[in-house]
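Structure record follows, encoded as structure tokens.
Model, not experiment: these values are computed from the prediction.
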Amino acid sequence: MLLDKINTPGDLKGLSKSDLGDLCKEIRKVLIDTVMKNGGHLASNLGVVELTLAMHLAFDSPKDKFVFDVGHQSYVHKLLTGRYDKFHTLRQLGGISGFPNPNESEYDSFVSGHASTSVSAALGMARARDIKGEDYHVVALIGDGSVGGGEAFEALNDAGNSRTKLIVILNDNEMSIGKNVGGLSRHLTKLRTSKRYMETKSDLSNFLKKFGKAGDSVISALSTAKEKIKYSSMTGVYFEELGFTYLGPVDGHNLEEVTETLKRAKNLDEPVLVHVLTKKGYGYKEAEIKPEAFHGVSSITAKKPTGKSYSQAVGEILYKEMSNNKNMAVITAAMSSGCGLKSVENDYPDRFFDVGIAEQHATTLCAGLASGGVVPVFCVYSTFLQRAYDQLIHDVCLQNLHCVFLIDRAGAVGNDGATHQGVFDLSYLTHIPNMTVLCPSDISELEGMIKYAVNDMSTPVAIRYPRGEISLSVSEKFDISKAEVIKEGKDIAIISVGNMKEVSLACAQELEKDNISTAVINLRCVKPFDEETVRKYVSECRMAVTIEDNVISGGAGSFIAQKIPANYLHIGWPDEFIPHGKVSELMEKYQLDKESIVQKIKSQI
């Protein structure tokens, strides 16, 4: 295989045009084989094979810096930068990360797992280069979904105004995870679909190439004329007005054309935006037809879920509530499918708002809706809500507005790794005044909490739940504000938070074998928590153990201990970023599994 011979990007530059074409086919096969086995992001990487190859042909990495937006489309880059022999470990514990990581390779310039950050980071690198008097290129690769994010707008505005030498590649494939939304997306669609320019440009070039070298000279001389043709038919004036020199649009699957355009961009001593058209899933028919379905692919070797996921359950509950409550709206930030909202989106379009990759805007939009008397429900992954921290404080909680946040993927999410682990939300939510925080442990609690949050509250409330299957156990009617005493005991009091109920019960049963009487309390509401019940068991037992799928620092255990001083053992994630790997592997590695927890308790009792 040609990939066996590619140890550094420099090895690409000796390949013939035919070899490069074969290499693209090899890369796609490796991508499909590996991602289908390990899980990961498939369609986005299939779509950037030629583009990534062109970047390495045109530039000199790692001297030249590449910054990938979101980063899940960096698999091809990893294959071309000495990691082919380890690529089979993609997203596995101790293996290759699914996102760029400077600790993994010098070719990865910047960590990126969230959207809309690349231009800001690249501009910072370019300015650092200029301050230090160094000489290298900085290239940001950003998708058309990410470029609609607020940080990307801010960065483009600053970069264009700065006149700093910087290259931004806009990978335009009409997709983020789902279909893109918003005015900029519509503008790009007009550019993308303007046949007048594309046909004129193609016809003119093909005609002149018939004259050999003379024709090539004419093509070069007519570059200014081609720019005029472009402006007359499908202007890139939006980016020009920001201060960028606009090149494109370029066929992103034409390796030669993309490479030459990037080389041209290198020679411009100013901010340049290269507009590249690609097709998500390119080269794999099923992924081309259904790119959304092949965005994030589960491993074919993984145990297939037999039950209902939390996300599915949330979608079904919200669907019913939308029909019962005409004063309710649902908001998502480009995660309609991921959060189980497709039915809501399809049947309640007037009260469903997909704002694109813009969590800050979504949160303040919720505040505005609540100010107008509508109950907004924002469905968002835990890791992405981090981006709206200021809006949570300033726009929602400071005004004590009735906004409901359904926080999906709370806790460890597994193979997506450090950029996506949702292990911080309890810590950043519980210290915000006016915020109520609920943690369901089964479908009955989830449904009760959502109905309560929407219909019976008038203040900010967050309901956090994990990725994966939900327990379908049905509880008797319960008071959400009251902790549930699942098991009585007098030696140890285990206070369980949300999805940790099952392991908490298992630990209690194991401790009972050694005659350690163990109470188990399902907290349900973390803030404000049921002080009366918790205080009773904490004061009567020799030790209290808090178990949560959150970092220990600032988490539920810490919050409880501030209110009720006692002898505590706090079980949760440590004060470090949690890498990629299966959730079960991570639980064992960080001693959140039953055996490890029991041993910790026994060692301290």
Side-chain angles (χ1 to χ4, degrees), residues 8-15 17 20 48-69 73-74 76-77 80-81 100 106-110 118-142 147 155-156 158-172 201 205 216-217 219-224 226-227 230 236 239-240 242-278:
T8 71
D11 296 329
L12 297 170
K13 298 178 183 180
L15 298 180
K17 183 177 179 179
L20 290 170
V48 296
V49 173
E50 289 84 5
L51 175 54
T52 308
L53 208 55
M55 290 168 63
H56 281 291
L57 288 168
F59 296 95
D60 184 20
S61 175
K63 178 186 176 184
D64 295 330
K65 313 298 181 187
F66 295 161
V67 183
F68 291 86
D69 209 272
Q73 80 280 41
S74 64
V76 183
H77 165 75
L80 300 175
T81 52
E106 64 177 334
Y107 292 96
D108 293 358
S109 300
F110 199 80
S118 62
V119 181
S120 297
L123 179 60
M125 291 179 182
R127 282 174 164 158
R129 172 201 63 202
D130 296 346
I131 289 170
K132 296 175 70 175
E134 296 174 340
D135 180 26
Y136 55 85
H137 297 281
V138 183
V139 182
L141 174 62
I142 185 168
V147 83
L156 288 167
D158 186 18
N161 182 65
S162 73
R163 308 309 301 161
T164 301
K165 184 177 176 66
L166 171 71
I167 297 169
V168 176
I169 301 173
L170 174 58
N171 175 30
D172 186 357
K201 177 181 177 183
S205 296
D216 291 339
S217 298
I219 290 173
S220 178
L222 286 177
S223 60
T224 301
K226 286 171 69 179
E227 291 296 313
K230 175 178 66 179
F239 297 107
E240 297 278 6
L242 285 173
F244 284 82
T245 295
Y246 173 88
L247 302 179
V250 183
D251 180 357
H253 301 298
N254 185 323
L255 180 58
E256 186 175 4
E257 184 178 0
V258 181
T259 304
E260 289 306 312
T261 303
L262 293 178
K263 288 180 178 178
R264 180 181 169 201
K266 281 175 60 174
N267 295 325
L268 298 174
D269 193 26
E270 57 199 26
V272 182
L273 186 133
V274 181
H275 185 182
V276 180
L277 308 182
T278 64

* To do: Begin from the C-alpha positions of F66 and L141 and carry the test side chain to side chain contact (heavy atoms under 4.5 Å, CB included) through to its verdict.
  => CA-CA 7 Å; F66 295 161; L141 174 62; over 6 Å; no

* Criterion side chain to side chain contact (heavy atoms under 4.5 Å, CB included) on F110 and M125, from CA distance to verdict -> CA-CA 10 Å; F110 199 80; M125 291 179 182; 3.8 Å; yes

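Rounding to the nearest 0.5 angstrom, the gap separating the CG atom in L20 from the NZ atom in K13 is 12.0 Å. With rounding to the nearest 0.5 angstrom, the CD1 atom of I142 is 6.5 Å from the CG atom of L156. We find the CD-CG distance between E256 and D251 to be 12.0 Å, quoted to the nearest 0.5 Å. Atom CG of L273 is separated from atom CG of L247 by 8.0 Å, given to the nearest 0.5 angstrom. Atom CD in E134 sits 9.5 Å away from atom CZ in R129 (nearest 0.5 Å).
Of the possible donor and acceptor atoms, none in the side chain of E257 sits under 3.5 Å from a partner among the backbone N and O of V250. Not a single donor-acceptor pair under 3.5 Å links the side chain of N161 to the backbone N or O of D158.
Scanning both residues, A140 and A122, for their nearest heavy atoms gives CB-CB, 3.8 Å. Contact record, I167 with F59: CD1-CZ, 3.6 Å, taken as the closest heavy-atom pair. Residues H137 and K266 approach most closely at CE1-O, 3.4 Å, considering heavy atoms. When all heavy atoms of T164 and A126 are compared, the pair lying nearest together is CG2-CB, 3.7 Å. Annotation for P9 and T81: closest pair CG-CG2, 3.9 Å, computed over non-hydrogen atoms. Considering all non-hydrogen atoms of both residues, A265 and K165 come closest at O-NZ, 4.5 Å.
Using modelled atom types and a 3.5 Å distance limit, the side chains of H77 and Y107 yield no donor-acceptor pair.
L123 is listed as a side-chain neighbour of S162, based on a closest heavy-atom distance under 4.5 Å. Looking at heavy atoms from C-beta onward, L57 lies in side-chain contact with L255 at the 4.5 angstrom threshold. At least one side-chain heavy atom of L262 sits under 4.5 Å from a side-chain heavy atom of M55.
Tested against N171 for a side-chain contact (heavy atoms from CB on, under 4.5 Å), the candidates V147, V48, T52 yield a single pass: V48.
The neighbour count for K132 NZ, taken as heavy atoms of other residues, nucleotides or ligands under 6.0 Å away, does not exceed 12.
K65 forms a cation-pi arrangement with Y136, by the criterion of a distance under 6.0 Å to the ring centre and an angle within 45° of the ring axis.
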